**Student:** 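Provided herewith is a single structure, encoded as structure tokens, for subsequent inquiry.
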Amino acid sequence: MRLLVFLMLFFEFSGIQAQTTNELKVEFSISEFDEQFKLEVLRFYVTNVQLFQNNASVFHESESYHLIDIVEEGNSFTITYPEHFQFDNIQFDLGVDSLTNVSGVYSGDLNPTKGMYWTWQSGYINFKIEGKHPESNGRNNDVQFHLGGYLPGQLTLQALSFNCPQSADLKIQFDINSFLESMDLSTEHTIMSPGEKAVKLSHQIAAYFKLYE
């Protein structure tokens, strides 16, 4: 009898658990851009994902590390949150925080085999874009921006925030065309290490992420 009651309670509880979560898909894309630019790589980290209601955090994703790859597969992730939670805003970091850079967390999307890690001294690449453009004076017309850095004076991590209707999945677009137009590729075509230039460009790039309908 006790076993029967236990099993009934177990399945009832399991059923409740199965009905108490919702999902929010966050998908990234890029705008149309100048056909002269041959995009080869566009990857970036989205971390520290939080949901807010009236400027108060109501949900903080655990193990919140997502490598977004626009060119190849992997341009979205899904958040699972308690059903009763209400929210109107999503916030996340573009990049990997300082503590993670020095903590030796190298699994999942943080695995160095993903091609987004320099060394323990320089840490993770937060944002990487590579391609070719005829205006670039780089070797073979290369355009290569590997933006990272976590030490004082080199911090490239950027915090982003978007209004987020609870009833809809979220689509965020990187305005790559405006990014390219803002650059003088004849003189600015390569950044491959932390530093002042990487910090400045990271600030610019953060402004090119917009909600997309």
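The figures that follow rest on heavy atoms only: side chains count, while hydrogens, waters and symmetry mates do not. None of these values were measured; they are calculated from a predicted model.
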**Student:** Among Ile, Leu, Val, Met, Phe, Trp and Tyr joined by side-chain contacts under 4.5 Å, find the other residues sharing a cluster with Val199 and list them by chain and number.
**Tutor:** none

**Student:** State whether the side chain of Thr21 and the backbone N or O of Thr80 hold a donor-acceptor pair below 3.5 Å, judged by distance alone.
**Tutor:** no

**Student:** What are the two closest non-hydrogen atoms of Ser136 and Val143, and how far apart are they?
**Tutor:**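 Residues Ser136 and Val143, closest heavy atoms: CB-CG2, 3.9 Å.
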
**Student:** With sequence neighbours excluded, give me every ring-ring contact (aromatic ring centres under 6.0 Å, His included) pair touching residues 46-72.
**Tutor:** His66-Phe77

**Student:** Please report the interatomic distance OG(Ser193) to CD1(Ile191), rounded to the nearest 0.5 Å.
**Tutor:**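 Spacing of OG (Ser193) from CD1 (Ile191) equals 8.5 Å.
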
**Student:** Could you work out, with side chain to side chain donor-acceptor pair (under 3.5 Å) as the rule, every residue matching Asp88, not counting sequence neighbours?
**Tutor:**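 Expected list: none.
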
**Student:** Can you check whether Leu211 reaches Leu170 side chain to side chain, under 4.5 Å on heavy atoms?
**Tutor:**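 The answer is yes, as the side chains (C-beta and beyond) meet within the 4.5 Å cut-off.
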
**Student:** Are Val71 and Ile68 connected in a single hydrophobic cluster, I mean Ile/Leu/Val/Met/Phe/Trp/Tyr linked by side-chain heavy atoms less than 4.5 Å apart?
**Tutor:**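 Yes, Ile68 and Val71 fall within the same hydrophobic cluster.
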
**Student:** Once side chain to side chain contact (heavy atoms under 4.5 Å, CB included) is applied, do any residues pair with Gln121, and if so which ones, sequence neighbours excluded?
**Tutor:**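 Partners of Gln121 under the side chain to side chain contact (heavy atoms under 4.5 Å, CB included) test: Thr119.
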
**Student:** For residues Asp93 and Tyr45, determine if any side-chain heavy atom of one lies less than 4.5 Å from a side-chain heavy atom of the other.
**Tutor:**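 No; the side chains remain at least 4.5 Å from each other.
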
**Student:** Using distance alone, with no hydrogens and no angle criterion, decide if Thr190 and Asp142 have a side-chain donor and acceptor under 3.5 Å apart.
**Tutor:** no

**Student:** Are Phe92 and Phe162 side-chain neighbours, meaning at least one heavy-atom pair lies under 4.5 Å?
**Tutor:** yes

**Student:** Take Ser29 and Gln173, measure what side-chain contact (heavy atoms from CB on, under 4.5 Å) needs, and give me the verdict at the end.
**Tutor:** CA-CA 5 Å; Ser29 63; Gln173 186 177 81; 3.8 Å; yes

**Student:** Rounded to the nearest 0.5 Å, how far apart are CZ of Phe33 and CD of Glu181?
**Tutor:** 12.5 Å

**Student:** State the CD-CD distance between Gln86 and Gln53, to the nearest 0.5 angstrom.
**Tutor:** 6.5 Å

**Student:** Answer with yes or no whether the hydrophobic clustering places Phe174 together with Leu160; edges join I, L, V, M, F, W, Y residues whose side-chain heavy atoms lie under 4.5 Å apart.
**Tutor:**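 As far as the 4.5 Å side-chain criterion goes, Leu160 and Phe174 are connected within one cluster.
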
**Student:** Measure across Ile176 and Ser31 and return the closest heavy-atom pair with its distance rounded to 0.1 Å.
**Tutor:** N-OG, 3.2 Å

**Student:** For Asn101 and Gly123, which heavy atoms make the closest approach, and how far apart are they?
**Tutor:** OD1-CA, 3.1 Å

**Student:** Between Leu67 and Met116, is there a side-chain heavy-atom distance shorter than 4.5 Å?
**Tutor:**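 When only atoms from C-beta onward are counted, Leu67 and Met116 do touch, with a gap below 4.5 Å.
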
**Student:** Would Leu201 end up clustered with Leu42 when hydrophobic side chains under 4.5 Å apart are linked, directly or stepwise?
**Tutor:**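 As far as the 4.5 Å side-chain criterion goes, Leu42 and Leu201 are connected within one cluster.
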
**Student:** Of all heavy-atom pairs between Asp175 and Ser178, which one has the smallest distance, and what is that distance?
**Tutor:** OD2-OG, 2.6 Å

**Student:** Just grab all the ring-ring contact (aromatic ring centres under 6.0 Å, His included) pairs involving residues 93-116, residues at least two apart or on different chains.
**Tutor:**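 As it turns out, the ring-ring contact (aromatic ring centres under 6.0 Å, His included) pairs with a partner in residues 93-116, which skip direct neighbours, are Tyr106-Tyr117.
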
**Student:** Taking all non-hydrogen atoms of both residues, which atom of Glu27 and which atom of Ser76 are closest, and how far apart?
**Tutor:**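 Here Glu27 and Ser76 meet closest at CA-CB, 3.8 Å.
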
**Student:** Just verifying a value: how many Å separate Asn141 CG and His133 NE2, rounded to the nearest 0.5 Å?
**Tutor:**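 Answer rounded to 0.5 Å: 9.5 Å.
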
**Student:** Are Ile30 and Leu39 side-chain neighbours, meaning at least one heavy-atom pair lies under 4.5 Å?
**Tutor:**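 Touching, per the 4.5 Å side-chain cut-off.
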
**Student:** Where is the tightest heavy-atom contact between Phe87 and Cys164, given as atom of each residue plus distance?
**Tutor:** CE1-SG, 3.7 Å

**Student:** Judged by atom type as modelled, is there a donor-acceptor pair below 3.5 Å linking the side chain of Lys197 to the main-chain atoms of Pro194?
**Tutor:**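 Answer holds: no.
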
**Student:** Consider only side-chain N and O atoms of Glu130 and His146, and report whether a donor and an acceptor are under 3.5 Å apart.
**Tutor:**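 Side-chain D/A pair, Glu130 to His146: present.
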
**Student:** Distance-only, no hydrogens or angles: does the Asn75 side chain make a donor-acceptor pair with backbone N or O of Phe28 under 3.5 Å?
**Tutor:**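 Pair found, side chain donor or acceptor close to backbone of Phe28.
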
**Student:** Could you tell me if the side chain of Ile70 sits less than 4.5 Å from the side chain of Phe44, heavy atoms only?
**Tutor:** yes

**Student:** Report whether Met192 and Phe127 are members of the same hydrophobic cluster (ILVMFWY, side-chain heavy atoms less than 4.5 Å apart, transitive linking).
**Tutor:** no

**Student:** Spell out, as yes or no, whether a donor-acceptor pair under 3.5 Å connects the side chain of Asn126 to the backbone of Gly148.
**Tutor:** no

**Student:** Check the surroundings of atom CG in Asn55: do more than 12 heavy atoms from other residues, nucleotides or ligands lie under 6.0 Å from it?
**Tutor:** no

**Student:** Is the shortest heavy-atom distance from the side chain of Asp109 to the side chain of Lys114 under 4.5 Å?
**Tutor:** yes

**Student:** So do Ile79 and Ile90 actually touch side chain to side chain, heavy atoms under 4.5 Å?
**Tutor:**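 Answer yes - side chains close enough.
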
**Student:** Would you check if the side chain of Thr47 reaches a backbone N or O of Gly95 as a donor-acceptor pair within less than 3.5 Å?
**Tutor:**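 It does hold such a pair.
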
**Student:** Given the rule that I, L, V, M, F, W and Y join up when any side-chain heavy atoms are under 4.5 Å apart, are Phe209 and Leu51 in one cluster?
**Tutor:**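 Yes.
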
**Student:** Test your reading of the model: is there a side-chain donor-acceptor pair from Tyr124 to the backbone of Leu110, 3.5 Å cut-off?
**Tutor:** yes

**Student:** Any sub-3.5 Å donor-acceptor pair from Asp97's side-chain atoms to Thr100's backbone N or O?
**Tutor:** yes

**Student:** Is the gap between the ring centers of Phe37 and Phe179 under 6.0 Å?
**Tutor:**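 Not under 6.0 Å, so no.
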
**Student:** Would you compute the distance between atom CG of Asn137 and atom OG1 of Thr187 and round it to the nearest 0.5 angstrom?
**Tutor:** 8.0 Å

**Student:** Return the CZ to NZ distance between Arg139 and Lys132, rounded to the nearest 0.5 Å.
**Tutor:**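 Answer for the CZ-NZ pair, Arg139 versus Lys132, is 9.5 Å.
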
**Student:** Give me the other members of the hydrophobic cluster that Leu157 sits in, counting Ile, Leu, Val, Met, Phe, Trp and Tyr linked by side-chain heavy atoms under 4.5 Å, directly or via other members.
**Tutor:** Leu155

